[in-house]
Amino acid sequence: MSLPHAILTALLEKPSSGLELTRRFDRSIGYFWSATHQQIYRELGKLEQAGLIRALPSDQPARGQKKDFEVLPAGRTELTRWAAGEHDPKPIRDALLLRLRAAAVVGHDGLDDELRRHLALHQRQLAEYSRIEERDFDAPTSPDDRLQRLVLRAGIGLETFWVQWLTEALAEVADIEEAGPAR
């Protein structure tokens, strides 16, 4: 997914200013596609130049005032084209997995602490997703709700995987430490 398409999606859900988009990203899209405030503003400018969005008219002077943006027909067409296209899965790039490979070569001092830290982070994220599901998707009714819940269920599944895998990894590292150095 690209940031311009994430912004088009968010603006089609609700016309917003850059600041509002940043806040909305932090509460929804940002769980699986993060962006900084600066990246969002930079992309808003590019999308506006490309004729995919426009700033809504304001009664107040433009300088220093927030601008709300909406998606133009060309932006909807682009998002529809992109959403219907093919997109291959991205390979996993995770520093923790690389650290495990490195630990096999240079030793695993401190590895269990890092695994525990990651486990706690993933447990917290899983709990957050579960709260969101309970609060917002008790009984999804509309197609939009159902699709949004599917995205949330993907996050729950990924966090569940990480919690299970990290628990297994901690047990494996403890077993390795107990066995002592390889002979």
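Keep in mind that what you see is a predicted model, and the values were worked out from it rather than measured. Hydrogens, waters and symmetry mates play no part in the numbers below; they use all other heavy atoms, side chains included.
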List in chain and number order the residues that pass side-chain hydrogen bond (donor to acceptor under 3.5 Å, both in side chains) with Glu43, two or more places apart in sequence or in another chain; answer none if no residue qualifies. none

Here the gap from Thr160 atom OG1 to Leu126 atom CG, rounded to the nearest 0.5 Å, amounts to 4.5 Å

Of the non-hydrogen atoms in Gly51 and Ala74, which two are nearest, and what is the gap between them? O-CB, 3.7 Å

Could I get the full list of side-chain hydrogen bond (donor to acceptor under 3.5 Å, both in side chains) partners for Gln39, not counting sequence neighbours? Thr36

Ignoring hydrogens, what is the shortest heavy-atom contact between Leu8 and Gly75? Give both atom names and the distance. CD1-O, 3.8 Å

Grab the two heavy atoms, one from Ser2 and one from Trp82, that are nearest each other, plus how far apart they are. N-CZ2, 4.1 Å

Identify each donor-acceptor pair in which a side-chain atom of residues 103-123 lies under 3.5 Å from a protein atom, sequence neighbours left out, and give them as a table.
residue	atom	partner	partner atom	Å
Asp112	OD2	Arg116	NH2	3.4
Asp113	OD1	Arg116	NH2	3.1
Glu114	OE1	Arg117	NE	2.9
Glu114	OE2	Arg99	NH1	3.3
Glu114	OE2	Arg117	NH2	2.9
Glu114	OE2	His118	NE2	3.0
His122	ND1	Glu159	OE1	2.5

Can you find a heavy atom in the side chain of Leu52 that is under 4.5 Å from one in the side chain of Leu72? no

Any link between Leu98 and Ile92 through a network of hydrophobic side chains (Ile, Leu, Val, Met, Phe, Trp, Tyr) touching at under 4.5 Å? no

Leu152 side, atom CG; Glu128 side, atom CD - distance, nearest 0.5 Å: 9.5 Å

Are Trp165 and Leu158 in one and the same hydrophobic cluster, where Ile, Leu, Val, Met, Phe, Trp and Tyr link if side-chain heavy atoms are under 4.5 Å apart? no

Nearest 0.5 Å, please: how far is CZ in Phe25 from CG in Leu3? 5.5 Å

Does the pair Glu20/Arg23 count as a salt bridge with the N-to-O cut at 4.0 Å? no

With the 4.5 Å side-chain cut-off for hydrophobic clustering, are Trp33 and Leu12 part of the same group? yes

Is Ile132 reachable from Trp162 through a run of hydrophobic residues whose side-chain heavy atoms are each under 4.5 Å from the next? yes

Exactly one candidate in Leu47, Thr9, Leu44 meets side chain to side chain contact (heavy atoms under 4.5 Å, CB included) with Pro4; the answer is Leu47

If you count the non-hydrogen atoms of other residues, nucleotides and ligands that lie under 6.0 Å from CZ in Arg101, is the total more than 12? no

Considering residues at least two apart in sequence or located in another chain, which fulfil the ring-ring contact (aromatic ring centres under 6.0 Å, His included) criterion with Tyr129? Tyr31

Looking at every heavy atom in both Glu48 and Ala55, which two are closest together, and how far apart are they? OE2-N, 3.6 Å

Any Leu79 side-chain heavy atom under 4.5 Å of Arg76 side chain: no

By side chain to side chain contact (heavy atoms under 4.5 Å, CB included) - contacts of Glu70 (at least two apart): Pro15, Arg54, Leu56

Would a 4.5 Å heavy-atom cut-off, applied to side chains only, mark Arg149 and Arg146 as touching? no

For a quick test of reading the model, state the closest non-hydrogen atom pair linking Leu11 to Ser16 and the distance between them. CD2-N, 3.5 Å

One pair to check against side-chain contact (heavy atoms from CB on, under 4.5 Å): Glu78 and Arg81. What are the steps and the verdict? CA-CA 5 Å; Glu78 167 54 22; Arg81 181 208 59 77; 2.6 Å; yes

Set of side-chain hydrogen bond (donor to acceptor under 3.5 Å, both in side chains) partners for Ser17, sequence neighbours left out: none

Would you say the side chain of Leu21 lies within less than 4.5 Å of the side chain of Tyr41, judging by non-hydrogen atoms? no

Over all atoms of both residues, closest heavy-atom pair of Arg24 and Lys14: NH1-O, 3.1 Å

Would a single hydrophobic cluster contain both Leu150 and Ile29, if residues Ile, Leu, Val, Met, Phe, Trp and Tyr are joined by side-chain heavy-atom contacts under 4.5 Å? no

With a 4.5 Å limit on heavy-atom distance, are the side chains of Leu166 and Leu96 in contact? yes

